[in-house]
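Here the structure is laid out as structure tokens; the discussion comes afterwards.
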Amino acid sequence: MNAGTGSVEAPSTYNPSSLSGLHLTQQPCALCTITVSKSSMLAFSKRTRLYFVRELSVLVASIAFIGIPVTVQANDLQDDNFAELLPLEWKTESLQLGVMAFLDTDFVFTDLPKELIGKDFIRTNFIGTRKVCTKPGLVYAITPIRRLQSFSQVPELERRGFRLVKGIAEFAPFGEQWDGLLCNVYAKHVEKDERIDLPSPKVVLKSHPSSETQPVPISKGKWCIIIAETPMISGSVGAVSRRQGSPFDPPLAQHYTIAAEVPSLRYFIHDPGFIQLPNGEFIAFSPCWKRPSRVGKKEGGYIIVTKSKNGGKTWERMPDLPYAEATPFLAQDKLYLFTQPKQHQDVYYMCSSDNGESWTEAVKVMEGPFWNCQTNFVEKDENLYWVLDKNHQGTVAIAGDLSMDLLDPKAWRVSNFLEPVMTPPEFRPTGTKRYASQKEKSRFRDWNLEGNLMLVDDQIRIAARVNPNPGGTPAIATLFDLEDKNGQLTLSYDQHYPWPGAQSKFAILHDSKTNLFWMACNLAMGPLGEEAPDRRYLMLYFGHDGLNWLPAGCVAFAPTPGQSFMYPSMLIDGDDIVILSRTARESGHFHDADLSTFHRIKDFRLLAWY
């Protein structure tokens, strides 16, 4: 990295010991004036004088590093003075005209201060990524000037101790690509293990591109570019080394393979599911819908079917299926698929006897606005049990008779339908004030959807996602009990219960070897607004009663709120847990995934710590 020029005003968090070798320019103190006469000093005892001088020295030193500008001379900014930062996804590049500024946009530098030319910068996504300091030193940051409030990270940088670099004039880095964008340069000395994690908008890119070929247009938001060193030239998802003391970093399965991806950003992956075939192969089903639709239709979407014959290391494309939904399951030595030509419109099943190479026609076995994605089934007493929602609202259970042909509608029974039970108003913003009338209550109709079944001892239990909309408290599930007696399925509400990640889809499986339940879910990392909290942290939990959960680790996490690892489907493969994730990496929207990714958690049973 080349030596820089100009000077930097020291932040309030500067540590004098970290500035060894730098020349400090003295400045007059504007904060206070302390005058001590000789006669006053003689009046003190020797001990008092020593104490006063020591405390006065500390005060002056504190003033020097809190209130007085301290400048770093240009010839002091040598290569070994720069910090080393560890991002999550990045490339390093030399600052030059014509160089791309970000990983996910086509902005290129058309103007740069001469003081910065040739320095290495960390190219990340437009809205940035968290960075952890692995070697202390100086860090520069380029960001729009303060008065461009919609785009500037100046307030956040200053809160973290960055100060404006004096001597480097305002400049427009992207020229006509972003008219009127003026930027400043800030700097700070960072310590080992310090984090630079600036808040960013959840959604940076528009919901869909304007054509099949054009890139997704930018909805311009707050950003900054970091100038520092990194441990290596480029990094990708998973290029993180374990930091001592953190069992969650790096994640358990940050590295992944791509089971399916959209043909262009005109499409997004909806709710993928997968199954392991009796021969050990994996087959994945990834609904591919057109953006910005939120309701899959046969005309606008299809199922991408892929298969892996080597444990998920590589995937091969199979013939697509012309449907909107797909949840695979194994029964009667056959591969079955729940599907729908259009989401929330009737229940269809199809079957394959040759591991997905060919399929029967889809057969309608139930009529009504029912739906679910891949969640846990329960097999008990020659019946296969599952749960559906009705228009994302109420809940209904179904049972298939395994002694009959599951493509025969007569093989299926349906329980009573339960309307959603409202969460208490105290769990919503402003509480009971927004429940003043029946009309207000109707606006806060909870969703109960994407339920998982569990066989706890001999009781079939259901845990369903609660999506309080709009606003409210995340991590609350609705619990139901299912009874099958004398041929009658009876579904009953039990209670609402604190549940990690219950504001989004979670996946549960039971391990017969340890008799533990395992769950993958998204922890809420931001407040519930008009949209759900971001889905960038995919976590793994375990428990013994299907009700209470202990953390086992982080499966994977994305750098920004506009990205995600979400809607997990989960299987046990020997000593490992394997997960298929609906992943938003470059789509610009945490909901509209562009990938289905396959993750493997090795020796998962060792993660149970009681």
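Sequence positions, counted from 1, serve as the residue numbers for this chain.
Between Lys131 and Asp197 there is no salt bridge, since no side-chain nitrogen of the basic residue lies less than 4.0 Å from a carboxylate oxygen of the acidic one. Classification of Lys307 and Glu357 as a salt-bridged pair holds, one side-chain N sitting under 4.0 Å from a carboxylate O.
Looking only at distances, a side-chain donor or acceptor of Asp405 sits under 3.5 Å from a matching main-chain atom of Leu407. No donor-acceptor pair under 3.5 Å is formed between the side chain of His510 and the backbone N or O of Gly546.
Residues Trp499 and Thr478 have side chains that never bring a donor and an acceptor to within less than 3.5 angstrom of each other. Between the side chains of Gln276 and Asp573, a donor-acceptor pair is found at a separation under 3.5 Å. The closest side-chain donor-acceptor pair between Gln345 and Gln340, if any, does not fall under 3.5 angstrom.
For His392, the ring pair (Phe, Tyr, Trp, His ring centres under 6.0 Å) criterion is met by His344, Trp371, Trp447, not counting sequence neighbours. Residues that satisfy the side chain to side chain donor-acceptor pair (under 3.5 Å) test with Ser492, not counting sequence neighbours, are absent from this structure. In this structure, Glu483 has no salt bridge (charged side-chain N to carboxylate O under 4.0 Å, His left out) partners at least two apart in sequence or on a different chain.
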Worked check of side chain to side chain contact (heavy atoms under 4.5 Å, CB included) between Thr597 and Thr257: CA-CA 6 Å; Thr597 57; Thr257 59; over 6 Å; no
Side chain to side chain contact (heavy atoms under 4.5 Å, CB included) between Gln374 and Phe274, worked out: CA-CA 8 Å; Gln374 185 167 9; Phe274 76 135; 4.3 Å; yes
From CA spacing to verdict: side chain to side chain contact (heavy atoms under 4.5 Å, CB included), Arg536, Gln563: CA-CA 6 Å; Arg536 53 179 158 164; Gln563 298 171 300; 5.7 Å; no
Candidate pair Lys380 and Asp484, rule salt bridge (Lys or Arg N to Asp or Glu O under 4.0 Å), full reasoning: CA-CA 10 Å; Lys380 182 176 183 286; Asp484 191 352; over 6 Å; no
Stepwise side chain to side chain contact (heavy atoms under 4.5 Å, CB included) check, Arg317 with Ile304: CA-CA 8 Å; Arg317 187 79 171 259; Ile304 299 174; 3.4 Å; yes
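In this structure, Phe598 has its ring center closer than 6.0 angstrom to the ring center of Phe282. Under the 6.0 Å cut-off for aromatic ring centres, His589 and Phe268 do not qualify, their centroids lying 6.0 Å or more apart. For Phe329 and Tyr349, the distance between ring centers is under 6.0 angstrom.
When each of Glu450, His270, His591, Arg535 is paired with Tyr567, the side chain to side chain donor-acceptor pair (under 3.5 Å) condition holds for Glu450 and for no other. Screening Asn452, Leu455, Asp494, Leu482 against Arg461 for a side chain to side chain contact (heavy atoms under 4.5 Å, CB included) leaves a single residue, Asp494.
Within a 6.0 Å radius of CD in Glu316, more than 12 heavy atoms belonging to other residues, nucleotides or ligands are found.
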